[in-house]
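First comes the structure, then the notes that go with it.
FYI, side chains are in, hydrogens and waters are out, and symmetry mates aren't considered; it's all heavy atoms of this structure. Chain naming here is simple, since letters A, B, ... match the order of the sequence lines and numbering starts at 1 in each.
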2 protein chains.
Amino acid sequence: MDRTETPCGLDVALLVIGGKWKPLILFHVQDGPTRFSEIRRRVGGVSEKVLIQQLRDLVEMNVLLRRDHHRVPPVVDYALTPFGETLVTALAPLCEWGTVNRERVSAMRESTAMERNALVG
Amino acid sequence: MDRTETPCGLDVALLVIGGKWKPLILFHVQDGPTRFSEIRRRVGGVSEKVLIQQLRDLVEMNVLLRRDHHRVPPVVDYALTPFGETLVTALAPLCEWGTVNRERVSAMRESTAMERNALVG
DNA sequence: GATAGAACCTACCAAAAGGTAAGGGTAAAA
DNA sequence: TTTTACCCTTACCTTTTGGTAGGTTCTATC
C-alpha cells in the first residue's frame, strides 16, 4: 500500500510539541501538578519569558491545565489534561529512543561540526 | 520515582527530526529508496533548497542513505538506514496520535487565532 | 527597612530557519 | 532546436524563535 495518500500525523504532533522546551516541559510535569518555579528549576536553562510562552501555548492547545490558586504572592501550577496524557503516552517511545541514542547522536553532531570547521580553517 | 534526575530523550530526538519537513520526509521514504524529485512531489510545498538541506541533515545523522547512481542527467535516491528505521518505528505512535487528533488540533489553533484577532480588531 | 521570592509582562535584539529567484550542466523528448 | 527534467547551488530576504534585561505587585523573612 502506498502511503502517498494517507497523510502523516507528525506535522500535527509537531504543531503541539514544536518549541525548544515543550517536550521537556511535558516530561517534567507528568508526575503531577507542578508549580511554575519548580518547572523552571527542573527544566533548567530556560528564561522565564520563554517558559511562560511555551506553557501558554500548551495551555491553549489543551495539553496543560493552568491552575491559579489566587494567592498572593502568586501560586500557580500546571498539570496534564487527559488530552495531554495521550500525547505524553504517544511521546514515550521517542523519548526512549532519544535516551538510548543520546551518545550516538551527539557524537555524530560533533564529528560533522569538526568536518565543517576543517573545511573553513 | 522522581524523573528529575533521568533526563528526557526528547531533546535528542528533536535534534534529529527538528525541521519543518523532516518528519514528512521520513514518512515518505519508508516504503523504499525514493528519488529526490519523487520525495519533492510527495511531500509537497517544499522548495528544492530546503528539501536538500533537510535531506543532507538526515544523511549526516545517518538516518538516510544517499545513493548516487552516477548517471547523467543525475539519478539519486534516498533510503532509510537501519538506524533510521529505528527512528521511524519510535515515531509511529506520535504519527498515529497526530492523525487521530488532526481535526481537534487544527480546530483549536483556529479558535485561538480568532481570539487573538478579536483582541486586535 | 532592605531583601528575596512568587508569577508574570514589556521592549528590544540576535540567531536560526525557512522561502524566493535565479542559474548550471547534461541528455532525452517534443 | 527549443523545452523539459534531473539534482542540485548561490545570493538574498523575511519570518520565526529564542534570549537579555529590566519592571511590577505583593508578602514573608532577615
Side-chain angles (χ1 to χ4, degrees), chain A residues 10-11 14-26 28-29 33-61 64-79 109 112-113 116-117 119-120, chain B residues 10-11 13-26 28-29 33-61 64-79 109 112-113 115-117 119-120:
Chain A
L10 286 170
D11 55 333
L14 285 184
L15 283 178
V16 181
I17 60 157
K20 187 164 175 183
W21 306 99
K22 284 183 194 149
L24 263 359
I25 293 171
L26 260 30
H28 285 295
V29 145
T34 312
R35 293 185 63 173
F36 176 83
S37 52
E38 180 61 24
I39 297 174
R40 180 149 152 68
R41 268 187 296 269
R42 288 192 193 166
V43 169
V46 221
S47 68
E48 291 191 336
K49 183 201 124 188
V50 172
L51 218 208
I52 286 173
Q53 278 177 351
Q54 314 238 325
L55 284 171
R56 260 208 308 249
D57 288 346
L58 291 169
V59 169
E60 271 185 6
M61 290 298 213
L64 291 185
L65 180 69
R66 178 182 186 274
R67 301 191 310 178
D68 187 338
H69 294 254
H70 300 291
R71 292 213 215 101
V72 62
V75 175
V76 174
D77 61 29
Y78 295 84
R109 282 176 60 82
T112 61
R116 269 192 288 274
N117 291 339
L119 289 175
V120 170
Chain B
L10 287 171
D11 55 332
L14 285 183
L15 283 178
V16 180
I17 60 158
K20 187 164 175 183
W21 306 100
K22 284 181 194 149
L24 263 358
I25 293 171
L26 260 29
H28 286 295
V29 144
T34 311
R35 294 186 63 175
F36 176 84
S37 51
E38 180 60 25
I39 297 175
R40 180 149 152 69
R41 270 187 295 269
R42 286 189 194 168
V43 170
V46 221
S47 68
E48 291 190 334
K49 183 201 124 188
V50 173
L51 217 209
I52 286 173
Q53 278 178 353
Q54 313 238 327
L55 284 170
R56 261 209 306 251
D57 288 347
L58 291 170
V59 169
E60 270 185 5
M61 289 299 213
L64 291 185
L65 181 67
R66 177 181 186 274
R67 302 192 307 178
D68 187 339
H69 295 254
H70 300 292
R71 291 212 216 101
V72 62
V75 175
V76 174
D77 60 30
Y78 295 84
R109 282 175 61 81
T112 59
E115 285 167 27
R116 268 191 290 273
N117 291 338
L119 288 175
V120 170

Which part of the nucleic acid, if any, lies within reach of B/Arg40 when heavy atoms closer than 4.0 Å are counted: base, sugar-phosphate only, or nothing?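 It contacts nothing in the nucleic acid.
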
Using a heavy-atom cut-off of 4.0 Å across all strands, would you classify B/Arg35 as base, sugar-phosphate, or nothing?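 Touches sugar-phosphate only.
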
Rounding to an integer number of Å, can you tell me how far [X] [atom1] sits from [N] [atom2]?
{"X": "A/Leu55", "N": "D/dT17", "atom1": "CG", "atom2": "P", "value": "16 Å"}
{"X": "A/Ile52", "N": "D/dG22", "atom1": "CD1", "atom2": "P", "value": "18 Å"}
{"X": "B/Leu51", "N": "C/dG19", "atom1": "CG", "atom2": "P", "value": "10 Å"}
{"X": "A/Arg56", "N": "C/dT10", "atom1": "CZ", "atom2": "C1'", "value": "12 Å"}
{"X": "A/Leu14", "N": "D/dT16", "atom1": "CG", "atom2": "P", "value": "17 Å"}
{"X": "A/Arg71", "N": "C/dA6", "atom1": "CZ", "atom2": "C1'", "value": "12 Å"}
{"X": "A/Asp68", "N": "C/dA6", "atom1": "CG", "atom2": "P", "value": "15 Å"}
{"X": "A/Asp57", "N": "D/dT16", "atom1": "CG", "atom2": "C1'", "value": "12 Å"}

OP1, OP2 of [N] versus side-chain N and O of [X]: anything below 4.0 Å?
{"X": "B/Ser37", "N": "D/dC7", "result": "yes"}
{"X": "A/Tyr78", "N": "C/dC8", "result": "yes"}
{"X": "B/Lys20", "N": "C/dG19", "result": "yes"}

Is there a donor-acceptor pair closer than 3.5 Å between any side-chain N or O of A/Arg40 and the backbone N or O of A/Val46?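 Yes, A/Arg40 side chain to A/Val46 backbone: donor-acceptor pair under 3.5 Å.
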
Nucleotide nearest B/Val76 when distance is taken to its side chain, options D/dC7, C/dG18, D/dG19: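 Among the listed nucleotides, the one closest to the side chain of B/Val76 is D/dC7.
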
Of the listed nucleotides C/dA7, D/dG19, C/dA21, the one nearest the side chain of B/Lys49: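 Per side-chain heavy atoms of B/Lys49, the pick is C/dA21.
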
By nearest heavy atom, map A/Gln53 and B/Arg66 onto DNA chain D; which one lands nearer the 5' end?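 Closest to the 5' end, via its nearest nucleotide, is B/Arg66.
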
Show the nearest heavy-atom pair for residues A/Arg71 and A/Val75, with the distance to one decimal.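 Here A/Arg71 and A/Val75 meet closest at NH1-CG2, 3.7 Å.
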
Starting at CD1 of A/Ile52, measure out to CD of A/Glu48 and round the result to the nearest 0.5 Å.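 Separation between the atoms: 6.0 Å.
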
Nearest-0.5 Å distance, CD of residue A/Gln54 to CG of residue A/Leu24: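 Reported value, rounded in 0.5 Å steps: 10.0 Å.
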
Contact string for nucleotides 23-30 of chain D, one letter per nucleotide 5' to 3', B = base within protein heavy-atom range under 4.0 Å, S = sugar-phosphate only, - = neither, reads ---BS---

With respect to A/Asp77, which candidate in A/Arg35, A/His69, A/Arg66 satisfies the side-chain hydrogen bond (donor to acceptor under 3.5 Å, both in side chains) definition?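 For A/Asp77, the side-chain hydrogen bond (donor to acceptor under 3.5 Å, both in side chains) test succeeds with only one of A/Arg35, A/His69, A/Arg66, which is A/His69.
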
Could you check A/Thr34, A/Leu55, A/Ile25, A/Leu58 and say which one makes a side chain to side chain contact (heavy atoms under 4.5 Å, CB included) with A/Tyr78?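 Exactly one pass, corresponding to A/Leu55.
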
Between B/Glu38 and B/Arg42, is there a side-chain N and carboxylate O pair less than 4.0 Å apart?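 Yes, charged N to carboxylate O under 4.0 Å.
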
